[in-house]
Amino acid sequence: MAGWKQLEVHTEDQTPHKWSVPLSEDMFKRFFAPGSPIVHKIFGDGSLFSPLLFGKYFDPSDAFPLWEFESDVFLSNLRSSGKTSIDWFQTDDAYVLKADLSGVENNTLQFFVENGKIMEISGQWKPKGDQSKTKDWRSGNWWEHGYVRRLELPGDADWKDTEAYVSNDMFVEVRIPKSSLDSDNPPAPGKGILAKNSDRL
């Protein structure tokens, strides 16, 4: 597998009204149907950013309690048809998320942890014009310019030591240690828990 690069996980974000505009199911259908190939790639079946990833419509800008559910159950239909390369699970010492984000530009991908309770993965697929410099794209109709998946963190997640890695071919791995265990020696990129479970995708 290609080499891994560790990405910064931000904890300070003062963007006003971020994700304040919900993406309704009707709005998504109107946006998605005539969409470009990149829109279909980012928001289509099996994508981490698809509102339909979990079987029913769910606005990806709303926080979802991912690790309360088994990926084998939620994604069984998509996996059987080869439509997704996403996995999440927990080990004795960490919560892990793995996803294929091919089609997403590496230089726009960002990770945030909000108030120690929500992890946010977002980025832009379409830059805003100069006329929009005074307003962050996340404060309006965000789907017209970017994508997001917000996830509730488990109560025992040691969010301050959250690690995010991306490979050259845009596979992403996120590791969130459990707070009850010693996390002074986190694994190197592409090793430890992440590498051990790399064959699950």
Review point. Relative to each other, are the rings of Phe43 and Trp142 parallel, tilted or perpendicular (30° and 60° limits)?
Key: tilted
Exercise for review: For residues Trp67 and Pro154, determine if any side-chain heavy atom of one lies less than 4.5 Å from a side-chain heavy atom of the other.
Suggested key: yes
**Study point:** Sequence-distant partners of Asp62, salt bridge (Lys or Arg N to Asp or Glu O under 4.0 Å), two or more places apart
**Key:** none
Review point. Is the Trp19 ring parallel, tilted or perpendicular to the Trp137 ring (thresholds 30°, 60°)?
Key: perpendicular
Review point. Is the distance between the ring centroids of His40 and Phe32 under 6.0 Å?
Key: yes
Check your understanding: Is there side-chain contact between Ile176 and Met119, with at least one heavy-atom pair below 4.5 Å?
Key -> yes
Exercise for review: Say whether Ser71 and Asp87, considering side chains only, have a donor N or O and an acceptor N or O under 3.5 Å apart.
Suggested key: yes
Check your understanding: Heavy atoms, side chains only, cut-off 4.5 Å: are Tyr147 and Thr108 in contact?
Key -> yes
Check your understanding: Is there a donor in the side chain of Ser24 and an acceptor in the side chain of Asp26, or the other way round, less than 3.5 Å apart?
Key -> no
Review point. Is NZ or CZ of Lys18 both nearer than 6.0 Å to the six-membered ring centre of Phe112 and within 45° of the ring axis?
Key: yes
Review point. Under 6.0 Å between ring centres, would you say that holds for Phe69 and Phe64?
Key: yes
Exercise for review: Kindly determine whether Glu114 and Glu120 satisfy side-chain contact (heavy atoms from CB on, under 4.5 Å), including the steps that lead there.
Suggested key: CA-CA 8 Å; Glu114 179 182 311; Glu120 171 188 308; 4.2 Å; yes
